[in-house]
2 protein chains.
Amino acid sequence: MKKGHQVTMKEIAKKLGFSVSTISRALKDSPELHPDTKKKIVDMAKEMNYQPNLLAQSLRISRTNTLGVIVPEITSHFFASCISGIQDYANKRGYNVMICQSNETLDLEIANIRTLVSSQVDGLLISLSRETNQYDHLFDIYNREIPFLLFDRVNEDIPVSRVTFNDEGGAYQVTKYLLETGCKRVMYVSGPEDLYISKKRKEGYIHALNEFGIELDSDLVKISDLTTEGNINIAKEIANMKTRPDGVFCMIDPVAIDILTFWKSIGIKVPEDMALAGFTNNPTSAVVEPPLTTVAQPGYEMGKLAVSHLLDQLEGIASDDPISIVLETTLVPRQSTKALSKNEK
Amino acid sequence: MKKGHQVTMKEIAKKLGFSVSTISRALKDSPELHPDTKKKIVDMAKEMNYQPNLLAQSLRISRTNTLGVIVPEITSHFFASCISGIQDYANKRGYNVMICQSNETLDLEIANIRTLVSSQVDGLLISLSRETNQYDHLFDIYNREIPFLLFDRVNEDIPVSRVTFNDEGGAYQVTKYLLETGCKRVMYVSGPEDLYISKKRKEGYIHALNEFGIELDSDLVKISDLTTEGNINIAKEIANMKTRPDGVFCMIDPVAIDILTFWKSIGIKVPEDMALAGFTNNPTSAVVEPPLTTVAQPGYEMGKLAVSHLLDQLEGIASDDPISIVLETTLVPRQSTKALSKNEK
DNA sequence: ATGAAAGCGCTAACAT
DNA sequence: ATGTTAGCGCTTTCAT
């Protein structure tokens, strides 16, 4: 299939007997032009259905007004929300967005960066893949002075701005809530230990335990590979423990939901036998039975804030010095945990 | 923030004492070059961390190897799956993808098309917004010979290829299943009547009724605006009917889930009091209580097929003549409907 | 086997 | 108020 011909300034110029520069000036509403000329040109451009060639323009002004976004997975509701926030806000400020997914692999993450850089995006918003445990590709674009920041899945060693949730605080909130609602042995089901959120949420978990005078018990920390099989294995392990926990806090909702599903299938009652809580507030967490207590992370807001800061840096509104933006999370108590004795919500 | 400098062919040329054209040839592995020269250049390019400027290249060859995608909503799991399929497959064929969302508005749909066309994408994959009820913008790009196709939310009057699910067939399957499992009065809760899928799924519904010798009863067709409030209103209406239906087929899962939630809150039992079924197989439909009988639409597959056909057309592998690709859906029986009496699945 | 030159569509500095 | 010219980084014909 051959693409149809696009009208160029040259053609308008020819038709009207002006030079190309006059056309260019008229179309960007330059003040030094005769109003009549301007009108004639603008009308003709409309008539001929002229659309500027952004490629040529970008090449000339060496700015594309386009940002690149890399997320691990577009089908994750959380990242989709981030993207939505990024796009809406970027558009509002006159920028376009190119979105890529790394499918949670380092190789694709690297390839995506290459492509976006080659496409001359003005800046990048990156959320790291689960697999990413070395950071040469990020130091590389850092050294090449390509503006970027990290959001949600970040690494603290790279000297760029990052936008995260208060993961420690959220985990503290939910662990504390489990303890307040009567749990004595609260377990933490983590993801792979090198993940930023695994670490941060564990800190919040420990923080809450300590506040209740409880020592960290290594039997009460399990690590899932975050696959459904892995999660179910953890669910089995817990079910088979001599002394089961009475509350389980999972690093992310899908883990909690897999565990819940398995437990239901073998007759374990939630929250009567064990209370269960997740993190993220995925749409599914609200509709499982019983609805899952979790911690809400507003993804749309995160995307908006992240892109807003990057654009501020690009446009010299914000300093280039890296900053850390931390969004607060909200505890969402539901029926998978016991209710507070007094002020039951 | 100022973007760092990017290495150009000119710089490699200068460093090595060759002309720019020789660099260009070496980097695209032209056969008419001396192997030593080629090696020297390729090595140097790597050493200097050269990355081609896709903007310049695209301007020159007037092809961007980039496709534009417009979906109503990125946060919808179904469309996220489509995008995922589009991106994975497009990348495999050496294309990039720019994604835009119309947020279900005609204005943004038009704006997105403008932007993508200005960005010189080689082709477009479009899924129409709910609001889109006039098609000038599509006829416009059709007349300008910009290759595009429609998927999922299509319009049949535009002479371009379209990729859809067999909506009629899916609705037939699920209505038939409701009737087979003992329902006598099956209701259809539709979306706005000008939506393509509203119409198609109604056809399937009627088809199944007819097969069971049942006349279409206009009391048993309700139209929701697809907002949560609208859905709940329908749920109330149904609950208050003198003669309630004994089975309800909703055009999309979220409608069914809103209805289910409301019914549960007022003590209506599903499927005992009324059976309930949806369409799409959203992740939530599997985890509600009871799990929702629905019709699965493989979004990833749809995306893949759509982009594959468009690329085939672009590259002259497929004819430019519009075709209609129809994907089959799969009934997913769950506990929100009664089981088949004999061969219970 | 390599180089020179033209040009993709646009902008902007420099004329006039 | 408008035109001329150069050039963004690249590819490609034509020349040698």
Side-chain angles (χ1 to χ4, degrees), chain A residues 2-42 44-45 48-66 115 117-122 144, chain B residues 2-42 44-45 48-66 115 117-122 144:
Chain A
K2 245 184 11 203
K3 218 168 62 172
H5 173 74
Q6 300 268 97
V7 178
T8 67
M9 289 189 175
K10 200 172 170 183
E11 289 164 358
I12 304 182
K14 198 167 169 190
K15 199 132 188 174
L16 253 32
F18 289 109
S19 77
V20 180
S21 20
T22 303
I23 310 297
S24 173
R25 279 188 273 250
L27 260 25
K28 56 183 14 143
D29 205 24
S30 154
E32 47 183 12
L33 229 58
H34 192 94
D36 292 355
T37 315
K38 204 185 284 185
K39 185 169 179 347
K40 223 184 293 180
I41 292 173
V42 169
M44 180 55 82
M48 296 173 76
N49 202 357
Y50 169 78
Q51 312 263 101
N53 183 326
L54 259 34
L55 243 46
Q57 184 180 305
S58 298
L59 181 62
R60 181 57 237 245
I61 67 177
S62 40
R63 211 161 33 80
T64 51
N65 276 333
T66 299
T115 307
V117 168
S118 269
S119 299
Q120 312 297 117
V121 293
D122 294 339
R144 288 161 66 193
Chain B
K2 247 185 9 206
K3 218 168 62 169
H5 173 74
Q6 300 267 97
V7 178
T8 67
M9 288 187 175
K10 201 173 169 180
E11 289 165 358
I12 304 181
K14 198 167 167 191
K15 200 132 188 174
L16 253 32
F18 288 109
S19 76
V20 180
S21 14
T22 303
I23 309 298
S24 174
R25 279 188 271 251
L27 260 25
K28 57 182 16 144
D29 206 25
S30 154
E32 47 183 13
L33 230 58
H34 192 96
D36 293 353
T37 315
K38 203 184 287 183
K39 185 169 179 349
K40 225 184 290 181
I41 292 173
V42 170
M44 178 57 80
M48 295 173 76
N49 202 357
Y50 169 79
Q51 312 260 101
N53 184 326
L54 257 36
L55 243 45
Q57 183 180 306
S58 297
L59 181 61
R60 178 59 236 244
I61 66 177
S62 42
R63 210 161 32 82
T64 52
N65 276 333
T66 299
T115 307
V117 168
S118 269
S119 299
Q120 312 295 119
V121 294
D122 294 339
R144 289 161 66 194

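In what follows, chains carry the letters A, B, and so on, assigned in the order in which the sequence lines appear, proteins first and then strands, with residues in each chain numbered from 1. Everything quoted here is computed from the prediction, not taken from an experiment.
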J.: Do any side-chain atoms of residues 13-25 of chain B form donor-acceptor pairs under 3.5 angstrom with protein atoms, and if so which ones, sequence neighbours left out?
T.:
{"residue": "B:Ser19", "atom": "OG", "partner": "B:Ser21", "partner atom": "N", "Å": "3.4"}
{"residue": "B:Ser19", "atom": "OG", "partner": "B:Ser21", "partner atom": "OG", "Å": "3.2"}
{"residue": "B:Ser19", "atom": "OG", "partner": "B:Thr22", "partner atom": "N", "Å": "3.4"}
{"residue": "B:Ser19", "atom": "OG", "partner": "B:Thr22", "partner atom": "OG1", "Å": "3.3"}

J.: Taking for each residue the nucleotide of DNA chain D bearing the nearest heavy atom, is the 5' side occupied by B:Ala56 or by B:Thr22?
T.: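 So the residue in question is B:Ala56.
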
J.: Closest to the B:Gln57 side chain: D:dT4, C:dA1, D:dC10?
T.: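 Of the candidates, D:dC10 comes closest.
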
J.: Would you mind reading off the distance between B:Lys28 atom NZ and D:dG9 atom C1', rounded to a whole angstrom?
T.: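 Rounded to the whole Å, the gap is 12 Å.
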
J.: What parts of residues 3-16 of chain B reach DNA chain C, counting only heavy atoms under 4.0 Å away?
T.: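 Going residue by residue through residues 3-16 of chain B, none turns out to have a heavy atom under 4.0 Å of DNA chain C.
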
J.: Let me know the distance between CG of A:Asn53 and P of C:dC8, rounded to the nearest Å.
T.: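 Atom CG in A:Asn53 sits about 12 Å away from atom P in C:dC8.
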
J.: Produce the list of close N/O pairs, under 3.5 Å, pairing protein atoms with atoms of nucleotides 13-16 of chain C; give distances to one decimal.
T.:
none

J.: At 4.0 Å (heavy atoms only), tell me whether A:Ser58 reaches a base, stays on the sugar-phosphate, or touches nothing.
T.: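 A:Ser58: no heavy atom of the nucleic acid under 4.0 Å.
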
J.: NZ of B:Lys3 to CD of A:Gln120: how many Å apart, nearest 0.5 Å?
T.: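 Result: 5.0 Å between the selected atoms.
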
J.: Whole angstroms only, please: what is the CD1-C1' distance between A:Ile23 and C:dG9?
T.: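 That distance rounds to 13 Å.
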
J.: Please check this pair: side chain of A:Lys38 against backbone of A:Pro31, looking for a donor-acceptor N/O pair closer than 3.5 Å.
T.: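 Not at all, since once roles are kept as given, no pair shorter than 3.5 Å links the two residues.
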
J.: In whole angstrom, what separates A:Arg63's CZ from D:dG9's P?
T.: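 My rounded result for the distance is 15 Å.
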
J.: Could you tell me if the side chain of A:Thr8 sits less than 4.5 Å from the side chain of A:Glu11, heavy atoms only?
T.: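 They are in side-chain contact.
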
J.: Decide yes or no for A:Asn49 and A:Val7: does some side-chain heavy atom of the first lie under 4.5 Å from some side-chain heavy atom of the second?
T.: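 No, side chains not in contact.
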
J.: Measure the spacing between NE2 of A:His5 and CZ of B:Arg144 and express it to the nearest 0.5 Å.
T.: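 A:His5 atom NE2 to B:Arg144 atom CZ measures 10.5 Å (nearest 0.5 Å).
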
J.: Keeping the roles fixed (side chain from A:Ser118, backbone from B:Pro52), state whether a donor-acceptor pair exists under 3.5 Å.
T.: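 Yes.
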
J.: Side chain of B:Thr37 only, heavy atoms from C-beta on: which candidate in C:dC10, C:dA1, D:dT12 is closest?
T.: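 Of all the options, the side chain of B:Thr37 is nearest to C:dA1.
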
J.: What is the distance, rounded to the nearest whole Å, between atom NZ of A:Lys39 and atom P of D:dA1?
T.: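 Result: 18 Å.
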
J.: Just the rounded figure in Å: distance from C1' of D:dA1 to CG of A:Asp36.
T.: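 After rounding, the gap between these two atoms is 12 Å.
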
J.: Can you check the B:Leu55 CG to C:dC10 C1' distance for me, whole Å?
T.: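 Result: 12 Å.
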
J.: Do B:Met44 and B:Tyr50 touch side chain to side chain, with heavy atoms closer than 4.5 Å?
T.: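 Result no, sub-4.5 Å side-chain heavy-atom pair not found.
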
J.: About how many Å separate OG of A:Ser62 and CG of B:Asn53, when rounded to the nearest 0.5 Å?
T.: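 These two atoms lie 9.5 Å from each other.
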
J.: Between B:Tyr50 (OH) and D:dG9 (P), how many Å, whole number?
T.: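 That distance rounds to 10 Å.
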
J.: Determine the contact category for A:Ile61: base if any of its heavy atoms lies under 4.0 Å from a base atom, sugar-phosphate if only primed atoms, P, OP1 or OP2 are that close, otherwise nothing.
T.: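 Sugar-phosphate, backbone atoms only, no base.
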
J.: Heavy-atom nearest nucleotide on DNA chain C for B:Ser62 versus B:Pro31: which residue maps closer to 5'?
T.: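 Comparing both residues, the 5'-ward one is B:Pro31.
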
